[in-house]
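Numbering starts at 1 and runs along the sequence shown.
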Amino acid sequence: MGIANGIRKQAKKIAIGERHTSAWAQSLKEAAEELPPPPLHRLEKDGLDVTMAWAIIGIFGILFLAAVYLMSLILIPITLAVVVGMILGMAAEKLSKMGVPRLANAFMLSSGVALVIFLLINSLADPLMTFANEGPAFAERTINRVMPYLERIRWLHITPATFESGSMSIGALLENTGNVLHVVTSSLTPALVQGMIFFAALLFFLAGRVNLRKTIIMTFRTRTQRLAAIRVINAVEQVLGFYFATASLIYVGLGVVMTVIAYAGGLSAPVLWGFFAFLSSFIPYLGITLMTLAVAVAGILTHDGFLIGLMPAAAFFTVHLLMENLIFPAVMGRRLEINPFVVFLAILFWTWMWGAVGAMLALPLSLIVMTVIDELLIEEKPQPQLPK
């Protein structure tokens with residue numbers, strides 16, 4: 001083996017620069033070409049090496065999740081802006097085809113989003129302030145209404161004296177309400193900062209959307225990889241735009257139905273109930289559960305009879321169930337189906353990471369991941385052609 005390696009080194013020197021023309025050099029070169037290549041010795045890894053490799057990957061994964069959690073003040077508005085910008089991608093594309101400049105296009109769409117959010121906050125301000133001012137009376141009324149039903153459950157050991165002293169008394173509830181208001185007030189400044197970051201990121205994302213697409217595509221070297229990048233980006237924008245445009249129309253109908261149910265059921269602020277029904281529908285499972293419980297409590301407090309009080313909640317739950325299982329699949333089709341267990345885990349994870357905003361982002365992020373996996377794993381799809 002050593003002789004063979006020596007022959008190869010000598011032949012390499014001759015090929016690089018030492019141009020000997022002797023017969024010995026020529027025969028040496030021919031002998032090197034006839035020698036078989038040296039055997040490759042594959043380094044075998046034992047179980048400890050594999051465990052160490054996975055441990056390193058796990059450590060980096062934990063550090064990444066910790067960074068995502070600690071940088072939530074910045075990452076939440078930026079992620080929300082990217083998702084909203086991708087949802088508005090189809091509208092931006094149509095405006096560009098109509099001759100609207102990109103900067104004006106981005107300004108119009110971001111201003112439209114800001115106007116919608118401002119109108120929603122303005123419409124909710126008065127009912128929420130009224131609810132906050134009537135909080136103590138509402139809590140006392142709730143306790144008086146629910147007490148007969150709680151006394152029937154003997155193992156709870158709840159009596160009227162329970163709410164006269166201790167941690168469940170009216171005074172304690174008012175004190176806790178003050179603490180909650182303090183937390184909300186202290187969180188107002190970070191919310192304003194996140195709102196400014198969101199609108200700035202949305203404006204810049206929509207303005208540089210085309211250049212960003214080109215940059216992402218051109219980072220890949222081969223033509224096949226660039227075609228795959230084009231296919232994935234287009235598919236993600238189409239799925240998000242189609243899903244949320246269609247879901248918004250369906251859930252607007254649900255909000256209108258909930259407004260009618262609240263009005264017929266004697267609930268106060270029926271328009272507010274309709275808006276909450278529309279908004280909560282974008283959070284699968286968790287939103288409908290909280291909304292149904294809220295309507296049930298409001299109905300029990302409004303009506304004297306227990307069964308009559310539960311009728312608005314039962315009507316809302318039935319309508320939502322029909323929409324989710326009949327109308328929604330018929331409109332969306334099978335291509336946007338996601339495993340319910342995966343969606344449930346995504347909601348739990350992002351709620352734990354980013355709170356209420358994370359719960360709302362769980363579904364769009366799941367759609368993005370599902371679309372990317374679907375486009376990369378399924379090869380029998382029409383391939384877009386790059387211009388030559």
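- Looking at V295 and F317, their side chains never come closer than 4.5 Å, going by heavy atoms from C-beta outward.
- Ring orientation note: the planes of F275 and F278 are tilted relative to one another, at an angle of 30° to 60°.
- A single hydrophobic cluster is not seen to contain both Y263 and I261; linkage of ILVMFWY side chains at heavy-atom distances under 4.5 Å, directly or through other members, places them apart.
- Neither side chain, N105 nor R209, offers a donor N or O lying under 3.5 Å from an acceptor on the other.
- Looking at every heavy atom in both residues, W352 comes nearest to Y69 through O-CE1, 4.2 Å.
- Residues F205 and I78 are not in side-chain contact: their nearest non-hydrogen atoms beyond the backbone lie 4.5 Å or more apart.
- Contact between H320 and I288 at its shortest, heavy atoms only, is CG-CD1, 3.4 Å.
- With E375 as the partner, the side chain to side chain contact (heavy atoms under 4.5 Å, CB included) test is satisfied by one option alone out of V372, T371, I373: T371.
- Counting heavy atoms from C-beta outward, Q238 and M86 have side chains that stay 4.5 Å or more apart.
- Looking only at side-chain heavy atoms (C-beta outward), L95 and L109 come within less than 4.5 Å of each other.
- Linking Ile, Leu, Val, Met, Phe, Trp and Tyr whenever their side-chain heavy atoms come within less than 4.5 Å leaves L310 and I308 in two separate clusters.
- Side-chain contact check for P312 versus W273: every heavy-atom pair is 4.5 Å or farther apart.
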